[in-house]
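Naming convention: chains lettered A, B, ... in sequence-line order (proteins, then strands); numbering from 1 in each chain. Quick caveat: nothing in here was measured; it's all calculated off a predicted structure.
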Protein chains: 2
Amino acid sequence: MLDPRRLLTLRAVVRAGSMTAAAAELGYTPSAVSQQVAALERETATPLLVRHARGVLPTEAGALLVEHAEVVAGRLARAAEEVADLTALRAGRLRLASFASAGARLLPGAIGEFRRRHPAVRLSLELAEPDECPDRLRDGDLDLAITFGYVPGPALDADGLTSTFLFDDAVNVALPAGHPAVGDTLRPTDEVDVATLRDAAWIRDAGSLCREQLVDMCATAGYTPNIAFDSDDFPMVSGLVESGVGVALVPDLAVHQMGRRVVLRRLRPRVVRRIEALTLPNPAPATAAMLDVLRSRRAA
Amino acid sequence: MLDPRRLLTLRAVVRAGSMTAAAAELGYTPSAVSQQVAALERETATPLLVRHARGVLPTEAGALLVEHAEVVAGRLARAAEEVADLTALRAGRLRLASFASAGARLLPGAIGEFRRRHPAVRLSLELAEPDECPDRLRDGDLDLAITFGYVPGPALDADGLTSTFLFDDAVNVALPAGHPAVGDTLRPTDEVDVATLRDAAWIRDAGSLCREQLVDMCATAGYTPNIAFDSDDFPMVSGLVESGVGVALVPDLAVHQMGRRVVLRRLRPRVVRRIEALTLPNPAPATAAMLDVLRSRRAA
DNA sequence: TCGAGCATGCAGCAGAGCTTAAGCCCGCCC
DNA sequence: GGGCGGGCTTAAGCTCTGCTGCATGCTCGA
């Protein structure tokens, strides 16, 4: 394969009409240009320029190479330009993933803000559970994932990834209005002790992290929960709670999906989901820009 | 503009899936490849690869650059290939020029031979007088010109060009059968002394070199020719000679265009046209190949 | 005949870029 | 769980490409 550097030098020479003029354009001495061309002629074993009193003219082979050099130069320029567009957020894509409740409550605002700032970036969003996100980020399937981890609870395996704390999402227990474990004495500000729910039937969020979290929480309180139902849909959970099938854990982010006859109370000991944005370290510009948006909205 | 070398390295890395594998392909150490990629990332101020336990994957910007690199690599390969085709005479063009009588007698055979040897080379031929050929060669309008110069006579201005002697084309005088300067005593092998044509009317070849040559020849013999007619068409010259308008100089190459009632005799002192092939020094392969053909036919 | 402009060759030097060696991180296997 | 191996990175050093500066040869125009 030919040396692209020399090919571009040849192009400059033919465009300029003389080695001296090309050298001036390229910021070299005529000697350097002459040597480059000579090397290319040696490489191709063909004369590429006919030397002239007033400069040089390309031979057939020279003209052929210049045509290719034009394409190469054009590509190099376009490549640089497009990468610059990418870094300046005048182009590019951002592939987001999030768990369902953040998708409904947190992201719409952030995405709106991002689109306002960087309208040229193509956005995509899909739902994904926290535990599948790290691998998909590492595989290059995703750029940024909104995940959560329970506190207390095991940390997510985010080795080699950068996690940005967004906020803590408090977890409530959802109870039917007259639940026996609650009685009539409950005041709106009261918390419910996990231990008092020992005999409750549980309606459990089917998300893998949430499944484990319920069991862990009850284990800490000294019992194994009686799980009556698994569901991944909060409106359905709401209906089940309302109709007295059982109680459920409902984080703040999903509260708006609960019917109004459901009673929501904080837990004691406190349980929160730590909401985070997960990215590769050294993220691409669009990803970094979205992190900025998320951070700025956390502050607000 | 981006460094094409580094761009191609990036391409190799992404294709290979790891820097180490790419280094092996390229014949470098992994360290060298890593430095190249790092330099490119510095140059573009953008991460191009995500580092992985089992190798690397391109980022969006990296994939973008690889696409461009593919085009560049393709062009470089095609360029090398096409130049190789040119040098191997599997492609290319050869622009010939010649004066009229060589075009009719010398070139058809040579061109046939050339086409047999190198059928892929596109040939073109145009008529051109010897004195315009050097400049057109130097300007790159022509690749090879068949020219002639009279001997004795001034040499053609072929500065900076290479001339290849082909053969000498003897010049005859064409006379009407019973021309007074000849009488009835002329035998077929006789020569005609230029001096004896002092009083002849001349029909002159209109080609610039030939115009001058007639005057020079007569001046050497001590007189100024009486020019009755200028023509650039040998059949017409033939007719004029036959009908007794005058005499004319006719080189061997044009003898076949003379009518059979015209008498042709060698001149004393001898006059020849030196037939040459004119090219640039260090000619392109197709041009060199045609020189070979011309030389080989000269030998035969 | 001289001077200006251009290409080229040579000597010399600077720096790009390679190699070697060591380190670190990650995943795997015993 | 700890050693191990594959892979990327960094630092130091060296090689060699490729540039500069200058002298030369050439052509053309005055």
Side-chain angles (χ1 to χ4, degrees), chain A residues 2-10 12-43 47-59 62 134-135 137-140 157-162 280-282, chain B residues 2-10 12-43 47-59 62 134-135 137-140 157-162 280-282:
Chain A
L2 296 171
D3 180 354
R5 197 168 151 54
R6 292 174 179 156
L7 202 61
L8 294 176
T9 303
L10 177 70
V13 169
V14 171
R15 288 163 80 98
S18 82
M19 301 213 191
T20 305
E25 275 182 24
L26 298 171
Y28 295 148
T29 59
S31 176
V33 173
S34 171
Q35 290 174 56
Q36 292 255 10
V37 172
L40 193 58
E41 290 184 319
R42 214 176 317 118
E43 221 176 321
L48 301 175
L49 297 176
V50 300
R51 277 69 169 175
H52 224 259
R54 283 249 157 290
V56 298
L57 281 172
T59 63
D135 278 342
L137 280 163
R138 279 188 280 255
D139 288 348
D157 166 41
D159 275 356
L161 299 177
T162 300
L280 294 171
N282 200 11
Chain B
L2 296 171
D3 180 354
R5 197 168 150 56
R6 292 175 178 155
L7 201 62
L8 294 176
T9 304
L10 177 70
V13 169
V14 171
R15 288 163 79 99
S18 82
M19 301 210 193
T20 305
E25 276 182 22
L26 298 171
Y28 295 146
T29 59
S31 173
V33 173
S34 170
Q35 291 174 57
Q36 292 254 11
V37 172
L40 193 58
E41 290 184 319
R42 214 177 317 119
E43 222 176 320
L48 301 175
L49 298 175
V50 300
R51 276 71 170 173
H52 224 260
R54 281 249 157 288
V56 297
L57 281 173
T59 62
D135 278 343
L137 281 162
R138 280 187 281 254
D139 288 349
D157 168 40
D159 276 356
L161 300 176
T162 300
L280 294 171
N282 199 10

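A:Glu25 contributes atom CD, which lies 8.0 Å from atom CZ of A:Arg15 (distance to the nearest 0.5 angstrom). Residue A:Met19 holds its CE atom at 12.0 Å from CG of A:Leu26, rounded to the nearest 0.5 Å. Once rounded to the nearest 0.5 Å, the distance linking CG of B:Leu10 with CG of B:Asp3 reads 11.5 Å. In this structure, A:Leu49 CG and A:Leu57 CG are separated by 8.5 Å, a value rounded to the nearest 0.5 Å. Atom CD of A:Glu41 is separated from atom OG1 of A:Thr59 by 7.5 Å, given to the nearest 0.5 angstrom.
The shortest distance between the side-chain N/O atoms of B:Ser34 and the OP1/OP2 oxygens of D:dT9 is below 4.0 Å. Residue A:Thr29 places no side-chain N or O under 4.0 Å from the OP1 or OP2 atom of D:dC19. B:Ser31 has no side-chain polar atom (N or O) that falls below the 4.0 Å cut-off from OP1 or OP2 of C:dC18. Taking only side-chain nitrogens and oxygens, A:Arg5 comes nearer than 4.0 Å to OP1 or OP2 of D:dC19. Within the 4.0 Å cut-off from OP1 or OP2 of D:dT17, not a single side-chain nitrogen or oxygen of A:Gln35 is found. Between A:Arg51 and D:dC26 there is no side-chain N or O to OP1 or OP2 distance below 4.0 Å.
Across all strands, A:Val33 comes closer than 4.0 Å to no nucleic acid atom at all (heavy-atom distances). Across all strands shown, A:Gly17 has no heavy atoms under 4.0 Å from either base or sugar-phosphate atoms.
Per the geometry, CG belonging to A:Asn282 stands 14 Å off C1' belonging to D:dC8, to the nearest Å. Atoms OH (A:Tyr28) and P (D:dG18) sit 10 Å apart, rounded to a whole Å. Rounded to whole angstrom, the span from the CD atom of B:Glu43 across to the C1' atom of C:dG17 amounts to 14 Å. If you take CG of B:Leu10 and P of D:dC8, they are 13 Å apart, rounded to a whole angstrom. Between A:Met19 atom CE and C:dT8 atom C1' there is a gap of 9 Å when expressed in whole angstrom units. Atom CG in B:Asp3 sits roughly 6 Å away from atom P in C:dG17 (whole-Å rounding). Rounding to whole angstrom units, CG of residue A:Leu57 and P of D:dT27 are separated by 16 Å. Note: CZ (A:Arg42) to C1' (C:dG9) measures 12 Å, nearest angstrom.
Side-chain proximity of B:Arg6 to the nucleotides C:dT19, C:dG17, D:dC19 is greatest for C:dG17. Taking only side-chain atoms of A:Ala32, from C-beta outward, the nucleotide of D:dT20, D:dT9, C:dA7 with the closest atom is D:dT20.
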